[in-house]
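A short write-up of the structure that comes next.
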Amino acid sequence: QVQLAESGGGLVQAGGSLRLSCAVSGRSFQIMGWFRQAPGEEREWVGRVNWSGGSPAYADSAEGRFVISRDNAKNMLYLQMNSLKPEDTAVYYCAASTEFWADDRSDSYAYWGQGTQVTVSS
């Protein structure tokens, strides 16, 4: 059974950093990504990486501040978030695609974690 479990969310002041983790079990995936959803907003793609952790792609809102990495030996995906802003406040989800390529659409990802709350205070 495939499971994705996020951790590491919390409350942080603007300008601070957080590192989210996603533990993956059940199988491995070529493409993994992060999404977020703020209250009253649609789910938003944050970024993705391929199996080797290479070819990362980020949303404009994350570019230059967020870094996605993975440790396949530990079946872990990470999201390092720096220079956090109040507008980064959201529930963050890790997601996995069963394909060899995935874009920024939610329906490109078949498996999802339960989410972890990130709150950035001003």
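Considering only residues two or more places apart in sequence or on other chains, E44 meets the salt bridge (Lys or Arg N to Asp or Glu O under 4.0 Å) condition with R36. For the side chain to side chain contact (heavy atoms under 4.5 Å, CB included) test, residues two or more places apart in sequence or in another chain that qualify with Q114 are A5, E6. For the side chain to side chain contact (heavy atoms under 4.5 Å, CB included) test, residues two or more places apart in sequence or in another chain that qualify with A96 are L4, F29, M32, Y111. Taking the side chain to side chain donor-acceptor pair (under 3.5 Å) definition, one finds that S122 meets it with nothing, sequence neighbours left out. Among residues two or more places apart in sequence or in another chain, the side chain to side chain donor-acceptor pair (under 3.5 Å) test is passed with S121 by none. With sequence neighbours left out, D60 forms a salt bridge (Lys or Arg N to Asp or Glu O under 4.0 Å) with no residue at all. Applying the side chain to side chain contact (heavy atoms under 4.5 Å, CB included) criterion to A110, with sequence neighbours excluded, gives T98. In this view, V120 and V12, A14, L84, P86, D88, T89, V118 satisfy the side chain to side chain contact (heavy atoms under 4.5 Å, CB included) rule, not counting sequence neighbours.
Counting only heavy atoms from C-beta outward, the side chains of W34 and L77 approach each other to under 4.5 Å. Proximity of S69 to Q80: side-chain heavy atoms (C-beta onward) are nowhere separated by under 4.5 Å.
Each disulfide bond (SG atoms under 2.5 Å apart) pair with one or both residues in residues 55-89, not counting sequence neighbours, would appear here, but there are none. Pairs of residues two or more places apart, or lying in two chains, that qualify as disulfide bond (SG atoms under 2.5 Å apart) and include a residue from residues 21-119 are C22-C94. Evaluation of the side-chain hydrogen bond (donor to acceptor under 3.5 Å, both in side chains) test over residues 24-33, restricted to residues two or more places apart or in two chains, returns none. Evaluation of the ring pair (Phe, Tyr, Trp, His ring centres under 6.0 Å) test over residues 50-101, restricted to residues two or more places apart or in two chains, returns none.
Note: M76 CE to D71 CG = 8.0 Å, rounded to the nearest 0.5 Å.
Cluster annotation: V67 and L20 are assigned to the same hydrophobic cluster (Ile/Leu/Val/Met/Phe/Trp/Tyr, side-chain heavy-atom contacts under 4.5 Å, transitive). Cluster annotation: V46 is not connected to V91 through the hydrophobic network of ILVMFWY side chains, with a link wherever side-chain heavy atoms come within less than 4.5 Å. Grouping the Ile, Leu, Val, Met, Phe, Trp and Tyr side chains by contacts below 4.5 angstrom, directly or via other members, places F35 apart from V49.
Smallest separation of non-hydrogen atoms from G33 and Y109: N-CE2, 4.0 Å. Here the closest heavy-atom approach between residue S83 and residue R65 is recorded as O-NH1, 2.9 Å. Between S97 and S108 the shortest heavy-atom distance is OG-O, 3.2 Å. Looking at every heavy atom in both residues, A102 comes nearest to I31 through CB-CG2, 3.8 Å.
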